[in-house]
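Here is the structure we will look at.
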Amino acid sequence: MDTIRTDVIGALVAAVPGLTAERARELLTAPPDSAMGDFAFPTFAVRDRFDNAPPPAVARQLAAAIRKPASVARIEATGPYVNFFAEPAVLARTVLESARAAGARWGATDLGQGRTVVIDFSSPNIAKPLGIAHLRSTVIGNAIRNLHAFCGWKTIGVNHLGDWGTNFGKLLSAWEKWGSEESLKERGVEFLKDLLVRFTEAERADPAFRQQARDWFRRLESGDPEAKKVWQHFRDISLAEFRRVYSLLGIEFDSWSGESAYVDRMAGAIAELEARGLCSESQGAYVVDLTAHGFKEPFLLRKADDASLYGTRDLAAILYRRRDLGARALVYVVAADQKLHFRQLFKVAELLGVDVEPVHVEFGLMRIVNAEGVREKMATRKGTIVLLHDVLQAAIERVHEIIADREWDAARKSRVAHQVGIGAVIFNDLSRTRTRDIDFNLQQMLDFDPETKAFKGETGPYLQYTHARLSSALRKYGKEPPASVDFTLLTTDEDRAVLRQIGRFPDIIRDATTRYEPSLLSRALIDLCGEVNRFWRNQRILSDDAALTDARILLVQTARRTLRTGLDLLGIEAPEEM
RNA sequence: GUCCCCGUAGCUCAGUUGGAUAGAGCGGUGGUUUCCUAAACCGCAGGUCGCGCGUUCGAAUCGCGCCGGGGACACCA
């Protein structure tokens with residue numbers, strides 16, 4: 001694809017006075033429809049070189065004047081654009097040969113050059129169940145981690161657990177009053193959540209509770225063995241439950257260092273701030289004043305009661321990740337409602353002169369439509385929480401219904417149900433633009449047609465199904481496709497459309513990575529599959545014509561590998577049969 | 001009150017960072033399987049791009065002002 005693009009740019013530079021190759025590369029786009037060509041050059045951008053003639057006239061003039069490179073079949077003026085049609089056989093050869101040469105790394109660009117990036121994602125709070133709201137950070141973060149690793153970054157995926165803070169004072173205090181080892185064993189995190197909710201309610205009625213919670217948190221912060229022991233127990237129980245869900249999702253972390261890991265580093269971070277004269281007292285709290293930097297509110301380091309705050313732990317974590325882990329970039333995959341916090345945090349890090357590039361990859365809130373039909377943010381204490389585990393199980397169950405009458409053994413059914421059900425849930429999230437809010441709707445998430453018993457439309461299963469189809473054709477072909485085929489046989493509209501989608505892949509990967517936007521990849525895969533399925537429908541792959549079969553099977557193999565790589569990066573399994 | 005995000009077909013969403021006739025999926029409706037997986041493919045119907053003004057050769061996209069939804073605004077994370 002790139003070699004043809006370079007040819008087109010060369011021809012344009014020769015024909016347009018004063019046009020540089022760089023500028024031409026910027027301007028050259030793709031037409032909205034492959035029937036209109038493979039490259040499009042907009043003439044309004046160079047109108048001034050042609051006496052400000054109307055763009056369509058410039059397009060016609062240029063189309064006639066440009067010397068056609070060998071890799072270009074046709075040049076056409078369409079409205080204000082000059083459209084270039086790649087020589088189909090050259091298109092086929094360039095795309096398929098570069099994909100083959102790249103192998104499993106097809107689509108990758110070395111953006112990271114071995115640098116380290118810490119990606120902070122999922123990060124649930126201990127003693128609260130994993131809700132559906134945690135899905136977003138978890139799957140978006142995982143995809144971003146995969147994309148960065150694919151593009152040459154050394155990635156460290158951190159689950160920055162919320163395992164410290166004032167809430168633990170409440171929890172320890174509640175445990176002291178109403179704790180029951182038996183209930184804990186039986187109901188796990190759910191019981192801890194109930195304790196917390198009960199305590200929060202009691203606290204509203206009786207302010208004495210507040211002081212007790214403070215005392216417990218102080219004990220915990222000062223290393224009291226009893227407090228620490230109970231805390232550790234709660235943490236272990238929470239983690240065991242979290243791991244079950246992560247394992248369903250197929251997601252792993254390189255580190256589970258949560259907030260508690262930075263407790264001992266807070267003093268050092270504060271000392272550095274003090275050394276630069278950045279700290280002050282305000283309303284009894286210890287803060288960094290940021291009014292000189294456009295913030296109304298200060299960044300809080302310690303509460304008036306001397307207890308630590310999460311911002312300070314976050315700051316200590318930045319120092320650790322930069323200095324001890326060698327991170328050059330820090331990515332925080334956290335909902336948009338914490339935007340202000342991260343702006344402040346990054347500013348404070350900057351004031352400390354930390355040489356690192358921090359990014360808050362924000363995403364829209366998962367809202368729930370409550371009983372009165374009003375959308376609102378989900379909250380554990382309002383009881384408006386939908387358990388992530390339940391949603392995943394529901395998805396798996398749904399697929400079980402679909403494949404019930406397949407003649408497969410139970411293990412296979414269960415494997416496919418898992419792959420497809422989880423894939424549906426993950427893709428549902430990753431196919432949307434990050435920043436949009438989502439109204440949680442299980443019905444819609446698992447939308448399927450009860451008549452035909454099938455998922456429909458732009459879904460994870462659609463991608464997986466396409467992958468299974470391609471896999472099936474390759475299985476039937478039964479051998480490794482030849483390295484070289486007759487590329488002049490791959491010139492139908494369907495061939496070209498599939499080749500075009502495959503050819504876009506490296507650009508897509510690069511954009512999705514640098515913009516932290518997995519949905520770009522999701523949608524590109526939808527486009528790829530659309531073309532693949534049209535191709536599948538309209539032409540026969542395996543036929544008596546050996547040369548044609550070889551050529552098409554190479555296209556099929558390349559399409560499948562591209563799709564497979566894309567699904568891997570999104571964290572979605574690619575079944576060979578379904 | 002201040003600031004941030006969002007508003008595109010009945011529903012859910014794209015729209016390549018200002019360009020071609022605003023596109024998909026679902027739902028509706030009609031069709032496609034002697035053949036590699038029909039969880040697929042094709043046709044039809046469906047639009048005041050929230051409203052107004054402005055910038056521009058050109059605006060869904062940029063600016064300003066309204067309207068509507070969501071969120072943030074120091075001792076929670």
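Letters A, B, ... mirror the listed sequences (proteins, then strands); counts begin at 1.
- Closest approach to the Thr433(A) side chain among rA40(B), rA14(B), rC41(B) is made by rA14(B) (side chain taken as heavy atoms from C-beta onward).
- At the heavy-atom level, Pro298(A) lies under 4.0 Å from base atoms of the strands shown.
- When heavy atoms are screened at a 4.0 angstrom cut-off, Pro31(A) is found touching base atoms of the nucleic acid.
- For a distance-only test at 3.5 Å, the side chain of Asn533(A) fails to qualify as a donor-acceptor partner of the base of rA39(B).
- A side chain to side chain contact (heavy atoms under 4.5 Å, CB included) with Val287(A) is found for exactly one of Leu301(A), Leu309(A), Leu300(A), namely Leu300(A).
- Counting any heavy atom pair closer than 4.0 Å across all strands shown, Glu576(A) reaches a base atom.
- Atoms CZ (Phe427(A)) and P (rA39(B)) sit 18 Å apart, rounded to a whole Å.
- Among the atoms of the strands shown, only primed sugar atoms or phosphate atoms (P, OP1, OP2) are found under 4.0 Å from some heavy atom of Leu340(A).
- The glycosidic torsion of rU8(B) lies more than 90° away from 0, placing the base in the anti range.
- Across the interface with RNA chain B, nearest-nucleotide mapping of Arg475(A) and Leu520(A) shows Leu520(A) to be the residue nearer the 5′ end.
- The nucleotide whose nearest atom lies closest to any side-chain atom of Lys476(A) is, among rC76(B), rA14(B), rC36(B), rC36(B).
- Atom-to-atom, CG of Leu470(A) to P of rA39(B) comes out at 15 Å; the value is rounded to the nearest Å.
- Taking CG of Asp215(A) as the reference point, atom CG of Leu172(A) lies at 11.5 Å (rounded to 0.5 Å).
- Look at Asp306(A) and Arg218(A) and you find no salt bridge, because none of the NZ, NE, NH1 or NH2 atoms lies under 4.0 Å from a carboxylate O.
- In this entry rU17(B) has no Watson-Crick or G-U wobble partner, no candidate having both defining distances under 3.5 Å.
- For Thr166(A), the listed nucleotide lying nearest its side chain is rC76(B); candidates were rA20(B), rC76(B), rC35(B).
- Among the nucleotides rA74(B), rC36(B), rA20(B), the one closest to the side chain of Met36(A) is rA20(B).
- On a pure distance criterion of 3.5 Å, no polar donor-acceptor pair joins the side chain of Arg534(A) and the base of rC41(B).
- Proximity note for Arg367(A) (side chain, C-beta onward) versus rA24(B), rA39(B), rG70(B): the nearest is rG70(B).
- In this structure, the side chain of Ser137(A) engages the main chain of Ser122(A) through a donor-acceptor pair within 3.5 Å.
- At a threshold of 4.0 angstrom between heavy atoms, the contacts of Ala304(A) include nucleobase atoms, whether or not backbone atoms are also involved.
- Counting only distance, with no hydrogens or angles, the side chain of Arg214(A) and the backbone of Gly169(A) share no donor-acceptor pair below 3.5 Å.
- You'll find a donor-acceptor pair under 3.5 Å spanning the side chain of Arg406(A) and the base of rA39(B), going by distance alone.
- Separating the CZ atom of Phe455(A) from the P atom of rU12(B) is a distance of 20 Å, rounded to the nearest angstrom.
- When distances are taken from the side chain of Gln283(A) to each of rC35(B), rA74(B), rA39(B), the shortest belongs to rA74(B).
- The partner of rG1(B) is rC73(B), by the rule that a Watson-Crick or G-U pair needs both atom distances under 3.5 Å.
- Distance CG (Asp314(A)) to C1' (rA74(B)): 15 Å, rounded to an integer number of Å.
- Between Asn538(A) and Lys456(A), the residue whose closest nucleotide on RNA chain B is further toward the 5' end is Lys456(A).
- Contact of Arg432(A) with rU12(B) (side chain to base): no donor-acceptor pair of N or O atoms is detected under 3.5 Å.
- Each of Glu573(A), Met578(A), Arg564(A), Glu577(A) was checked for a side chain to side chain contact (heavy atoms under 4.5 Å, CB included) with His467(A), and the lone residue meeting it is Arg564(A).
- Across all strands shown, rC44(B) pairs with rG28(B); the Watson-Crick or G-U wobble distances both stay below 3.5 Å.
- Relative to the side chain of Glu458(A), the nucleotides rA24(B), rG71(B), rA40(B) differ in distance, and rA24(B) lies closest.
- Ion pairing between a basic and an acidic side chain is recognised when a charged N comes within 4.0 Å of a carboxylate O; Glu576(A) and Arg560(A) show such pairing.
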Got a list of protein N/O to nucleotides 2-5 of chain B N/O distances below 3.5 Å?
from: rC4(B); atom 1: O2'; to: Lys339(A); atom 2: NZ; distance (Å): 3.2

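- As judged by a 4.0 angstrom heavy-atom cut-off over every strand, Pro32(A) is placed among the base-contacting residues.
- In this structure, Arg537(A) atom CZ and rG43(B) atom P are separated by 12 Å, rounded to whole Å.
- To the nearest 0.5 Å, atom CH2 of residue Trp256(A) and atom CG of residue Asn159(A) are 5.0 Å apart.
- Side-chain N or O atoms of Ser238(A) include one that pairs as donor or acceptor with a backbone N or O of Ala127(A) at under 3.5 Å.
- rG52(B): Watson-Crick or G-U partner is rC64(B), with both key distances under 3.5 Å.
- Base pairing of rC35(B) is not made with any nucleotide, judged by Watson-Crick or G-U wobble geometry with both donor-acceptor distances under 3.5 Å.
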